[in-house]
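Working notes, beginning with the structure itself.
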Amino acid sequence: MLRHFRIAVLIAFPVVLPGRCLAGWGEAEQEKASALAAAFVNPQPTGEHEQTPGLSVAISRNGRILLAKGFGEALPSIPATAETIYQIGSLTKQFTAAAVLGLIEQKAPVRAGAPLALDTPVEAVLPTAAAWSLDDRPTITVRHLLTMTSNLPNFTRTPPESTDPWGTVLAPYLLDALSQVKPLGGPGSFEYSNTGYFLLAELIESPRLEIAPRSYRDALRELWTKAGLKDTGFHDDSALGKRLAGPTYKRRPAFLYGDWLKGSADVSSTVLDLQAWNKALIEGRVLSDAMVREMFSEAARVDVWSWYGMGWFVRRKDDVLYLTHSGSLPGYTSYNLIARKSTSEWSSVTILTNSYGVEGLDELAATLSEMALSD
């Protein structure tokens, strides 16, 4: 759920486990990539014993897996593998964005209005959004939510006063609490916020959308089926929970229960499934080319070098388009990257851990993607 682009080097004592290499990397490339990833596995005390948190990594080129491997422990004495399931935090936003873009692509009708579009006012779909309309400022639209330019306060930074960040909060209560807040300014400038993606999940379920009854969760499951994902679900899915890497953190976490994470950080997955997701997006099996272009567009400037699209950060460097996102939850850190040289030449790296606040995964992913493209 937190920000990205932080860089650090961790001193580590890796537990390296067998992985798999499918597309032809040589032994030297496998060993170098494994050593780079293993350096981010850092043993830490967890009370009665020392646990080596797990880290799983998958690297591909043009959609073919080069390396998929686990390091450390998913649970005490249980090794992490490429099939280990982790909570992925803000990587969830890629799925939420795709679900909303899919509704726009389908021209989902809005009651008493035009079909859903990027420039549809949010209040046309979510009545509570009318409280955010200010006479002297533009109306907040679906595009603003997707590109994090609504300027609505981030509720995981400043929770509504009526809510308990350490307790269970159901979506209707949170939506009502958010209706009492005011935008920080007129929409248009980038401000990283989980609020917008919670609202997008609520939008998917709005009775003002005249489509067959669906839930946010059903909409995401449809996407996962299209993309061929096998081990992806929600943080409270009992079937996944039995295979979920245990979190490692040292203090009582906030924003962990109920619907605090809805739409922005409530999905669990594996590195292999996220590689399949990246491949499905690039190949146009999830959304049309037009909607994929919107998702990967330079929609909102973040800083001098980078932009935010819709569920992805976007940066161009040396004729390579980098599409990235990080995720951080109590006990978990994640990173997903696609590097595109051209429509037919691209690499992808996914890194998932059950350790909180691991820094430098962005640089690790960039290094591994460059290795994949140079092979």
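Within the 4.5 Å cutoff, side-chain heavy atoms of V110 are placed close to those of L209. Looking only at side-chain heavy atoms (C-beta outward), D362 and T324 stay at 4.5 Å or farther from each other. The side-chain heavy atoms of Y335 and E363, taken from C-beta on, include no pair separated by under 4.5 Å. Residues P127 and R208 form a side-chain contact, since some pair of their non-hydrogen atoms from C-beta on lies under 4.5 Å apart. Side chains of M310 and V100 form no contact here, defined as non-hydrogen atoms less than 4.5 Å apart. Contact annotation: the side chain of W277 never approaches that of T350 to less than 4.5 Å [non-hydrogen atoms, C-beta and beyond]. T120 is not listed as a side-chain neighbour of I104, based on a closest heavy-atom distance of 4.5 Å or more. Annotation: side chain of T353 is not in contact with side chain of F40 (no heavy-atom distance under 4.5 Å).
Using a distance-only test at 3.5 Å, with no hydrogens or angles considered, a donor-acceptor pair links the side chain of T333 to the main chain of G357. Side-chain atoms of Y192 never come within 3.5 Å of backbone atoms of V302 as a donor-acceptor pair (strictly under, hydrogens ignored). Side-chain atoms of S206 do not come within 3.5 Å of backbone N or O of L203 as any donor-acceptor pair. Using a distance-only test at 3.5 Å, with no hydrogens or angles considered, no donor-acceptor pair links the side chain of T128 to the main chain of D176. K93 places no side-chain N or O within donor-acceptor distance of the main-chain N or O of L146, the cut-off being under 3.5 Å. Between the side chain of N354 and the main chain of A245, no donor-acceptor pair closer than 3.5 Å is present. In terms of modelled atom types and a separation under 3.5 Å, the side chain of R61 and the main chain of L66 share no donor-acceptor contact. Side-chain N or O atoms of W132 include one that pairs as donor or acceptor with a backbone N or O of L178 at under 3.5 Å. The main-chain N or O of S288 is found under 3.5 Å from a side-chain atom of E105 such that the two form a donor-acceptor pair. Put simply, the side chain of Q180 never gets that close to the backbone of A177: no donor and acceptor are under 3.5 Å apart.
Between F296 and W312, the angle of the ring planes goes over 60°, which puts this pair in the perpendicular group of the 30/60° scheme. Below 30°, between 30° and 60°, or above 60°: for Y197 and Y308 the angle between ring planes is above 60°, a perpendicular geometry. Between W260 and F155, the ring planes are tilted. Angles from 30° to 60° get that label.
Linking ILVMFWY residues whenever their side-chain heavy atoms come closer than 4.5 Å, directly or via other members, leaves L184 and L152 in distinct clusters. In this structure, V125 is a member of the same hydrophobic cluster as I211, with clusters built from ILVMFWY side-chain heavy atoms closer than 4.5 Å.
In this structure, R301 CZ and S306 OG are separated by 8.5 Å, a value rounded to the nearest 0.5 Å. For the atom pair L281 CG and M291 CE, the distance stands at 13.0 Å (nearest 0.5 Å). Taking CH2 of W25 as the reference point, atom CG of L67 lies at 6.0 Å (rounded to 0.5 Å). Atom CG of residue L321 and atom CZ of residue R340 lie 7.0 Å apart, to the nearest 0.5 angstrom.
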- Message: Using side chain to side chain contact (heavy atoms under 4.5 Å, CB included), reason through I282 and I338 one step at a time and then give a plain yes or no.
- Response: CA-CA 9 Å; I282 295 295; I338 299 172; 4.1 Å; yes
- Carefully, step by step, assess L352 and L274 under the rule side chain to side chain contact (heavy atoms under 4.5 Å, CB included). CA-CA 10 Å; L352 303 177; L274 289 169; 4.0 Å; yes
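Inspection of the D266 and Y216 side chains reveals an N or O donor paired with an N or O acceptor under 3.5 Å. Checked by atom type, the side-chain pair K279/S60 shows no donor-acceptor distance below 3.5 Å. With hydrogens and angles left out, the side-chain atoms of S334 and Y86 include no donor and acceptor closer than 3.5 Å. Between the side chains of D231 and T270, not a single donor N or O lies within less than 3.5 Å of an accepting N or O. If you check the side chains of S189 and N151, you find a donor sitting under 3.5 Å from an acceptor.
Between A372 and S347, the shortest heavy-atom contact is CB-CB, 3.8 Å. Of all non-hydrogen atoms in P53 and V41, the two that sit nearest each other are O-CG1, 3.2 Å.
For the side chain to side chain donor-acceptor pair (under 3.5 Å) with E205, the qualifying choice from R217, R214, K262 is K262, the only one to do so.
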